[in-house]
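Below is one structure, written out as structure tokens; the observations come after it.
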2 protein chains.
Amino acid sequence: MTAETDDDTRPATISRVAELAGVSRATVSRVMNGSSTVAPHLAERVRRAAAALNYQPSVLARSLAVGRTTTIALVVPDLANPMFQDVLRSLSHAAATQGHRLLVADSEENVAEEGLIALEARRRCDGLVLCAPRMPDDELAALAPKLAPFVLVNRDAVGLSVPSVTVDYAAGIRDLVSHLQGLGHRRLAYLAGPPTSASNLQRLSTLRGFAAAGRVELVEHECGATFSDGHAVAGRLLDDGCTAVIAYNDLVAFGALSGLHELGVSVPGQISVAGFDDIPFAQYTTPPLTTAAVPPTELGERAWQRLWALLNGEPPPADARFRPRLVVRGSTGPAASANGA
Amino acid sequence: MTAETDDDTRPATISRVAELAGVSRATVSRVMNGSSTVAPHLAERVRRAAAALNYQPSVLARSLAVGRTTTIALVVPDLANPMFQDVLRSLSHAAATQGHRLLVADSEENVAEEGLIALEARRRCDGLVLCAPRMPDDELAALAPKLAPFVLVNRDAVGLSVPSVTVDYAAGIRDLVSHLQGLGHRRLAYLAGPPTSASNLQRLSTLRGFAAAGRVELVEHECGATFSDGHAVAGRLLDDGCTAVIAYNDLVAFGALSGLHELGVSVPGQISVAGFDDIPFAQYTTPPLTTAAVPPTELGERAWQRLWALLNGEPPPADARFRPRLVVRGSTGPAASANGA
DNA sequence: TTGTATGCGTTATCAG
DNA sequence: CTGATAACGCATACAA
């Protein structure tokens with residue numbers, strides 16, 4: 001008996017288990033899935049055979065047969081960004097709760113290939129969560145049908161029937177401005193994020209609204225989204241007579257804080273600084289950062305909630321819009337009237 | 001002609017393309033894969049048909065037929081930990097370079113289920129990168145054959161022939177101690193990480209070695225791995241006459257820094273503080289943190305390099321062991337002889 | 001060069 | 001309750 005069908009190296013298949021147990025593949029399948037009712041003695045034989053062969057059903061084959069992968073994809077523009085890390089973590093956690101796994105794809109801010117990456121990722125699983133703040137509206141619209149079912153995070157779906165979970169940046173900015181106004185600040189600077197960022201635009205237009213209404217004087221600084229961007233702009237902050245500055249996000253605020261510190265500028269004594277996001281380290285800077293907090297786990301959880309509904313053929317849930325929570329810490333204080341002098 | 005086989009909603013299959021193009025499925029397959037040589041006019045017909053039907057080959061079916069998913073999995077104990085976020089990002093990036101996607105599974109520090117999670121994740125793809133610092137050696141050994149091909153990150157493979165990429169914590173600690181000794185420190189505290197952490201053990205035994213050799217006096221504090229852990233232990237730091245403290249990691253060091261600051265203790269004036277890892281914010285604390293840096297992208301890249309070799313049936317590459325780089329910043333300074341007074 | 005036939009490992013339908 | 005048998009969608013020897 002020259003071994004030929006024997007191949008202990010390759011993983012056992014359902015057929016080999018069936019053969020060893022002396023039953024049909026269908027029966028093995030039934031036993032493995034706990035479904036249907038199988039005669040106890042047969043079930044036992046199958047279990048033994050499976051154990052003996054160290055049989056593990058092929059997820060792949062099962063997915064093909066069932067038409068479901070129990071896997072979803074997440075596409076983000078930058079895995080180094082704390083915000084997307086939060087989305088990733090909370091989404092992964094939420095999906096795991098329902099027995100789903102997460103495939104992650106980082107477009108690395110490559111707007112040109114973002115669409116292809118999303119498409120490719122989507123085709124590997126059942127659904128998609130898309131973070132693509134810089135993708136043009138028309139491209140998104142064109143992609144939408146091929147990406148479904150999917151949900152958008154941190155960006156509105158123009159006219160598409162795509163659920164989205166977003167942050168109400170306008171409200172956050174309003175809270176920050178009110179807070180600063182209450183402290184006597186009248187003239188404030190905004191450290192603008194990436195020009196193509198949709199969320200930056202929301203912040204900016206809200207601020208311009210305040211300015212247009214004559215409630216504050218606004219000085220805009222082109223900046224960016226990173227620590228270094230904030231750090232680089234610190235030197236120009238005192239020149240234009242602002243007593244407070246709102247940064248695009250916490251990272252930028254950190255940079256500004258650090259730059260101001262190096263310049264010997266007292267915060268909030270001479271100038272107040274506020275961020276946006278409330279990333280983990282915001283409470284640990286010196287001084288601790290006043291910011292508008294978007295709950296780190298909510299985004300991912302809500303996204304999953306909506307995607308889950310879509311996967312089950314339920315009607316697209318209403319959009320979720322989070323109002324950031326104003327977190328007042330030590331980096332903002334009363335306007336120093338002496339500052340302009 | 002009552003439509004019955006018409007179903008524009010479901011994705012097109014290779015069969016429908018073949019039918020529309022008037023060729024066999026095999027030919028369509030050849031065209032789609034660019035392989036083999038197909039008559040130009042036929043190829044063109046196939047492409048037109050594919051485009052018309054918006055045909056996208058099923059990744060699933062292809063994977064089943066070929067026996068390859070071009071997907072790998074990453075299992076980490078905590079997605080909130082900056083170190084694993086770095087591994088995730090760099091691994092994802094490196095794998096993408098070779099056209100592979102990443103499936104991420106967070107065991108959420110649940111040591112009991114870690115094995116099952118790894119197994120399940122592994123079965124969904126071609127290979128695995130495992131970060132499981134707390135998993136018992138025997139369990140890992142038992143799991144190894146079922147997880148192959150896989151590579152270990154930040155942990156040694158006891159006696160298994162499993163490639164690993166690790167950090168030479170002992171070397172890092174030696175550098176830190178030498179640095180502190182050079183500043184005149186003789187008695188130092190160690191803020192210990194989780195007792196079950198293998199990397200904590202490496203740090204600890206290295207320090208104990210120094211102490212046993214009479215080169216330093218060592219005071220051990222049970223601590224943990226988070227900011228709060230470091231913060232909580234700050235109050236006890238001055239009591240035992242240490243002039244310097246080495247924290248399990250940067251996070252803990254941040255906490256200690258913050259706690260000491262609140263207590264009005266000057267760093268490094270009264271006590272020096274050093275961390276480990278050099279996570280992004282280490283350079284931005286006040287004072288900036290002296291630490292042992294492990295390059296954030298190397299771990300993931302090397303892990304992919306090794307896994308890639310394994311996937312191609314090449315012999316297991318040699319283990320990669322990174323020697324951390326000493327980064328001296330403002331949080332460490334000359335020992336204050338007046339401290340004990 | 002092209003088509004036929006078979007396999008990949010499961011699930012599901014439908015008789016018995 | 002069980003077992004053939006046909007999908008699932010694609011790739012690939014093999015034959016023509």
Side-chain angles (χ1 to χ4, degrees), chain A residues 4-5 7-47 49-50 53-71 120 122-126, chain B residues 4-5 7-47 49-50 53-71 120 122-126:
Chain A
E4 184 165 351
T5 53
D7 193 341
D8 278 4
T9 66
R10 282 193 324 183
T13 73
I14 198 174
S15 299
R16 303 195 10 185
V17 175
E19 187 180 9
L20 181 58
V23 299
S24 73
R25 294 179 314 204
T27 298
V28 176
S29 176
R30 291 195 260 263
V31 172
M32 297 308 290
N33 294 320
S35 74
S36 200
T37 152
V38 177
H41 70 284
L42 275 192
E44 185 51 30
R45 280 221 316 260
V46 169
R47 267 188 282 274
L53 294 177
N54 214 315
Y55 169 66
Q56 297 290 88
S58 157
V59 192
L60 224 56
R62 173 170 229 284
S63 293
L64 182 59
V66 173
R68 231 167 2 93
T69 64
T70 59
T71 298
E120 205 270 343
R122 166 63 183 84
R123 292 176 26 62
R124 285 181 190 288
C125 41
D126 303 336
Chain B
E4 185 165 352
T5 53
D7 193 343
D8 278 4
T9 67
R10 282 194 324 182
T13 73
I14 196 174
S15 298
R16 305 200 359 189
V17 175
E19 186 180 11
L20 181 58
V23 299
S24 73
R25 294 178 315 200
T27 299
V28 177
S29 174
R30 293 196 257 265
V31 172
M32 298 306 292
N33 294 322
S35 74
S36 198
T37 152
V38 178
H41 69 284
L42 275 193
E44 185 52 28
R45 281 222 312 263
V46 169
R47 268 187 281 272
L53 295 176
N54 214 315
Y55 170 66
Q56 297 290 87
S58 156
V59 194
L60 223 55
R62 174 170 228 287
S63 294
L64 183 60
V66 173
R68 228 165 4 91
T69 65
T70 60
T71 298
E120 205 270 344
R122 167 63 183 85
R123 291 171 31 61
R124 278 168 140 73
C125 43
D126 302 337

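Residue numbers start from 1 in every chain, and the chains themselves are labelled A, B, ... in the order their sequence lines are given, proteins ahead of strands. Just so it is clear, the structure is predicted and the values come from calculations on it, not from any experiment.
Taking 4.0 angstrom as the limit, Ser24(B) places none of its side-chain polar atoms (N or O) nearer than this to OP1 or OP2 of dT2(C). Look at Thr27(B) and you won't find any side-chain N or O under 4.0 angstrom from OP1 or OP2 of dT2(C).
At a non-hydrogen distance threshold of 4.0 Å, Ala61(B), Arg62(B), Ala65(B), Val66(B) from residues 60-69 of chain B come into contact with DNA chain D.
Within the 4.5 Å cutoff, no side-chain heavy atoms of Ser58(A) are placed close to those of Thr13(A).
In this structure, Glu19(B) atom CD and dG3(C) atom C1' are separated by 16 Å, rounded to whole Å. Taking atom CZ of Arg30(A) as the reference point, atom C1' of dT13(C) lies 10 Å away to the nearest angstrom. Remark: C1' of dC8(D) and CZ of Arg16(B) are 15 Å apart, rounded to the nearest angstrom. Atom C1' of nucleotide dG9(C) and atom CD1 of Ile14(A) are separated by 7 Å, given to the nearest angstrom.
Contacts of Ser24(A) classified as side chain to side chain donor-acceptor pair (under 3.5 Å), with partners at least two apart in sequence or in another chain: Thr27(A). Listed by chain and residue number, Glu120(A) satisfy the salt bridge (Lys or Arg N to Asp or Glu O under 4.0 Å) test with Arg124(A) (two or more places apart in sequence, or in another chain). Scored by the side chain to side chain contact (heavy atoms under 4.5 Å, CB included) test, Ala65(A) finds no partners at all (sequence neighbours excluded). Not counting sequence neighbours, the partners of Arg62(A) by the side chain to side chain donor-acceptor pair (under 3.5 Å) test are Asn33(A). Residues meeting the side chain to side chain donor-acceptor pair (under 3.5 Å) test with Glu19(A), sequence neighbours left out: none. Take Leu42(A) and apply the side chain to side chain contact (heavy atoms under 4.5 Å, CB included) test, not counting sequence neighbours, and it matches Val23(A), Val38(A), Ala39(A), Arg45(A). Every residue two or more places apart in sequence or in another chain was checked for a side chain to side chain donor-acceptor pair (under 3.5 Å) with Ser63(B), and none qualifies.
Heavy-atom distances to DNA chain C give each of Arg25(B) and Ser58(A) a nearest nucleotide, and the one nearer the 5′ end belongs to Arg25(B).
Across all strands, Val28(B) comes closer than 4.0 Å to no nucleic acid atom at all (heavy-atom distances). Ala26(B) comes within contact range of at least one nucleobase, with a heavy-atom separation under 4.0 Å. Across all strands, Ser29(B) comes closer than 4.0 Å to base atoms (heavy-atom distances).
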Could you go through Val28(B) and Met32(B), starting from their C-alpha distance and side-chain angles, then the distance that decides it, and tell me whether this counts as side-chain contact (heavy atoms from CB on, under 4.5 Å)? CA-CA 6 Å; Val28(B) 177; Met32(B) 298 306 292; 4.0 Å; yes

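For DNA chain C, if you chain together Watson-Crick or G-U pairs that step i with j, i+1 with j-1 and so on, the runs of at least three with distances under 3.5 Å are C:1-16 with D:1-16.
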